[in-house]
Amino acid sequence: MTTTGRLLGSGRSADVYEIDEAWVLRRDRDGWGDAAAEGAVMTYVRQHGYPVPRVRPTASPTDLIMERLSGPTLLSALAEGRTGAEEAGTLLASLLRRLHAVPGRDPGDPHSRVLHLDLHPDNVMLTPSGPRVIDWSNTESGPPALDWAMSALILAQVAVAGTPLAAPAHTMLRSLLCDPSELTEQALSQARRRRAANPTMTSREVELIGDAEHLIRAVGQLP
């Protein structure tokens, strides 16, 4: 197991530890991740110019060594007023478009693309050299519309939750979906099922999925 330093941060399912000034280690707490597969996807999209941290292989299926990044998350920048909600939504949309411009990894399916499936403001770091997308633990290959639907649903859940982030989340959702052609009925239904089955979701978050879907339909002009 990789030797780690101080704890730098914790998410719903993983912790990030310091290794040195150049590298950090993200360790899955529950043992269900596949760090090697995740790292392979990150390396692949990086080779095609997509903004992700560099990664190094480890012997552990739960440990991923990544380039140490400096700068706030997009969520932190929003909370501190350094970035506007409309700008943040536009950035998320541009990152999705850039990702889906990367050639798919499945040569048998020309329409399949690498999907992040958890692209939201807390998974984008604003570094001095530009945004970097982190946390690829949910990545799969599939139709781009599903990625748009997942990001929209995550934002919409926050927008209907009645917290201080509800208003900016609503604005981000509108900005994300200003081009509704990327969102489909089938993708939204699939995203809803996936979110409801996500083991890291709280019961309250699951309860909000229905209202979130209604909001997306209104904003995205779906029937």
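Quick caveat, the model's predicted, so the values are computed rather than measured. These numbers come from the heavy atoms of this one structure, side chains and all, not from hydrogens, waters or symmetry mates.
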How close do [X] and [Y] get, heavy atom to heavy atom, and via which atoms?
X: L119; Y: S151; result: O-OG, 2.7 Å
X: H48; Y: P103; result: CD2-CD, 3.4 Å
X: P131; Y: P51; result: O-CB, 3.1 Å
X: L155; Y: P121; result: CD2-CD, 3.9 Å
X: A187; Y: A149; result: O-CB, 3.5 Å
X: A88; Y: M172; result: CB-SD, 3.7 Å

side-chain contact (heavy atoms from CB on, under 4.5 Å) against S129, all qualifying residues, sequence neighbours excluded: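 With neighbours one apart ignored, the set is T127, R132.
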
Pairing residues for R46 by the side-chain contact (heavy atoms from CB on, under 4.5 Å) criterion, not counting sequence neighbours: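 For R46 the side-chain contact (heavy atoms from CB on, under 4.5 Å) partners, ignoring immediate neighbours, are V52, R54, E67.
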
Within the structure provided, determine whether [X] and [Y] are in side-chain contact (heavy-atom separation under 4.5 Å).
X: D118; Y: S137; value: no
X: V114; Y: V41; value: yes
X: R217; Y: L215; value: no
X: L153; Y: R194; value: no
X: P53; Y: M42; value: yes
X: V55; Y: I65; value: no
X: R113; Y: S141; value: no
X: L75; Y: L165; value: yes

Enclosure of H214 NE2 (heavy-atom neighbours >12, cutoff 6.0 Å):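 Counting neighbours around NE2 of H214, 12 or fewer heavy atoms of other residues, nucleotides or ligands fall under 6.0 Å, so no.
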
CD/E207: more than 12 non-hydrogen atoms of other groups inside 6.0 Å: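 Correct, the count exceeds 12.
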
Pairwise side chain to side chain donor-acceptor pair (under 3.5 Å) hits with a residue in residues 36-45, at least two apart: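 Sorted pair list: R26-E38.
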
Pairs involving residues 76-90, ordered by first then second residue, that meet side chain to side chain donor-acceptor pair (under 3.5 Å) (sequence neighbours left out):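 Only T73-S76, E80-R82, T90-S175 qualify under side chain to side chain donor-acceptor pair (under 3.5 Å).
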
Run the salt-bridge test on [X] and [Y] with the 4.0 Å N-O cut-off and return the result as yes or no.
X: E140; Y: R105; result: no
X: D15; Y: R27; result: no
X: E205; Y: R195; result: no

Within this structure, what is the [atom1]-[atom2] distance for the pair [X] and [Y], rounded to the nearest 0.5 Å?
X: D63; Y: D28; atom1: CG; atom2: CG; value: 9.0 Å
X: R193; Y: N198; atom1: CZ; atom2: CG; value: 15.0 Å
X: L78; Y: L126; atom1: CG; atom2: CG; value: 8.5 Å
X: T184; Y: L146; atom1: OG1; atom2: CG; value: 8.5 Å
X: W136; Y: L117; atom1: CH2; atom2: CG; value: 9.5 Å
X: R68; Y: L25; atom1: CZ; atom2: CG; value: 12.5 Å

Evaluation steps, side-chain contact (heavy atoms from CB on, under 4.5 Å), between Y17 and L8: CA-CA 5 Å; Y17 296 92; L8 297 176; 6.0 Å; no

Qualifying residue, where the test is side-chain contact (heavy atoms from CB on, under 4.5 Å) with H116 and the options are N123, T139, N138: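 In the set N123, T139, N138, the residue that makes a side-chain contact (heavy atoms from CB on, under 4.5 Å) with H116 is N123.
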
Plane angle bin for W148 and H100 - parallel if under 30°, tilted between 30 and 60°, otherwise perpendicular: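 The arrangement is tilted - the two ring planes meet at 30° to 60°.
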
Hydrophobic cluster of L69, others only, ordered by chain and residue number, side-chain cut-off 4.5 Å: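 M125, I134, which link up through side-chain heavy atoms under 4.5 Å apart, make up the rest of the cluster.
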
Check: G49 main-chain N/O paired with R98 side-chain donor or acceptor under 3.5 Å: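 Yes; judged by distance alone, with no hydrogens or angles, the pair exists.
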
Non-neighbouring partners of H120 that pass ring pair (Phe, Tyr, Trp, His ring centres under 6.0 Å), sequence neighbours left out: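 Partners of H120 by the ring pair (Phe, Tyr, Trp, His ring centres under 6.0 Å) criterion come out as none, since no residue qualifies.
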
